[in-house]
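Here is the structure we will look at, set down as structure tokens.
First the proteins, then the strands, lettered A, B, ... as listed; each starts at 1.
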Protein chains: 2
Amino acid sequence: MRDVPTREVILREAQLCFARQGFEGTSLNDIAAGVGIRRPSLLHYFASKDAIYQQVLLDALEDWGKQVDSTRIGDLDGWELLDGVLEASFDFFRRNPEIVRIVRREALSEQSTLGEALRPYFLQAVAFFEREMAAGLFRTQDAANLVVSGYASLLTYFSDGSMLRGLLDDDPFTPNALERRFVHIRQFFRAALEP
Amino acid sequence: MRDVPTREVILREAQLCFARQGFEGTSLNDIAAGVGIRRPSLLHYFASKDAIYQQVLLDALEDWGKQVDSTRIGDLDGWELLDGVLEASFDFFRRNPEIVRIVRREALSEQSTLGEALRPYFLQAVAFFEREMAAGLFRTQDAANLVVSGYASLLTYFSDGSMLRGLLDDDPFTPNALERRFVHIRQFFRAALEP
DNA sequence: GTCTATACCGCGATAGAC
DNA sequence: GTCTATCGCGGTATAGAC
């Protein structure tokens, strides 16, 4: 085993548990068992279960934000930028299914402030579409709802993966299935946006 | 107060609690308080908390199924049928936000059999699209992924409503906002399917 | 930094009076 | 059919030894 700080191991295991079982469904025993220490030892690193969750959520949103920011670079035109963001998002969600599920669980909660935390990214996306619509590159339409549909189509495939397995009677995460999903999403947006 | 059987009142309150707080986050005390009885009295009607949940989920899927079945009637052509199903689904989800949220919570769970329960409806939808694609009415494409995107776009707006409120800094459930959302979804599908 | 021990609470479920 | 009382379990969190 590598010498990873215990605090990091705890956060990694907590992310897994919260993604799989949700906040209420996860006990400190679950996390401690995964780390290989006793329950009270967790609370040497974090003040409470809630503090662990808040840190996990914060890290998840930060990772996501970094990913989004890193793909805005470059002097790409509208179509290239759209494809780039779609592909980078798709890839990030594929590589971080735990983050997707934690975010979706959070989105289902009524008192979450997730929406406010993501608003800057949302507004940026809306502004991008409206700019390209005004420029005539994209067909004019309801940009806010377009972004919401993108969010829904991208995230749902990964958050509801185990349900999809039942629907399709097949593994939705094979390389082939993932490739088909991505081609579909890109084509879906192209069809909606072509003038 | 009307004379609704206590069993029905329990199921209605349980539906609300499970939608808002999930299975783990709901205690029998929560449900009992909403009904206006004590916790042990619940277990006079149901054997366990799990039995209550199973019944709520079953009723929800039955209501949904009835809605879907009722809109398949009529000798409509492909476009009319598509619009009809989209509108009926949208309206059903709007009127039954609790069902949407329970289903989405269930979809996030790994050991759920929800996917298998919905497979007949899924296959029916896929078959419909493939038939109309073969007939040349709809543009040929990946029908299964199209249905998944429809599921995602329709449900997410209602399941993640409180997050949308934060994203938009506005109420996503006003008549105007709902109308705009529906117009967007219909147009999104039209663009994807026009030959 | 991790442990054992423990305090304390809320949970689901049962027993039995009314 | 609803209640009070209670059981046993597992939860979070704390105290203090090593």
What nucleotide, of D:dA13, C:dA15, C:dG12, holds the atom closest to the side chain of A:Ser48? D:dA13
So, A:Arg190 and A:Asp83, do they make that salt bridge, N to O below 4.0 Å? yes
Rounded off to whole Å, could you give me the NZ-to-P distance for the B:Lys49 and D:dC9 pair? 19 Å
Can you get from B:Tyr53 to B:Leu16 by hopping between Ile, Leu, Val, Met, Phe, Trp and Tyr side chains that sit under 4.5 Å apart? no
I want to check one thing: is the phosphate of C:dG1, taken as OP1 and OP2, less than 4.0 Å away from some side-chain N or O of A:Thr6? no
For the residue pair B:Phe189 and B:Trp79, is the inter-centroid distance of their aromatic rings smaller than 6.0 Å? no
Kindly point out which of C:dG12, C:dT2, D:dT2 is positioned nearest to the side chain of A:Tyr45? C:dT2
Separation of atom CD in A:Glu8 from atom P in C:dG1, rounded to whole Å: 13 Å
Send over the distance from A:Phe23 CZ to D:dG11 P, rounded to a whole Å. 13 Å
Just the rounded figure in Å: distance from P of D:dG1 to CG of B:Asp3. 12 Å
Between B:Val183 and B:Val85, is there shared hydrophobic-cluster membership here, with clusters defined by ILVMFWY side-chain heavy atoms closer than 4.5 Å? no
Nucleotide C:dA13, atom C1' - distance to CG of B:Asp50 in whole Å: 13 Å
Taking the cut-offs as 6.0 angstrom to the six-membered ring centre and 45 degrees off its axis, would you call A:Lys49 and A:Phe23 a cation-pi pair? yes
Under a 4.0 Å heavy-atom cut-off, which of residues 24-38 of chain A touch DNA chain D? A:Thr26, A:Ser27, A:Leu28, A:Asn29
Could you tell me how the ring of A:Phe158 sits relative to the ring of A:Phe173: parallel (under 30°), tilted (30 to 60°) or perpendicular (over 60°)? parallel
Measure NE2/A:His44 against C1'/C:dT4 and give the value in whole Å, please. 16 Å
Determine, for A:Asp91 against A:Arg94, whether the closest basic-nitrogen to carboxylate-oxygen distance falls under 4.0 angstrom. yes
Whole angstrom is fine here: how far is it from CG in A:Leu43 over to P in C:dA5? 18 Å
B:Phe46 CZ to C:dG12 C1', straight-line distance once rounded to whole Å: 16 Å
According to a strict under-4.0 Å criterion, is A:Ser41 in side-chain N/O contact with OP1 or OP2 of C:dG1? no
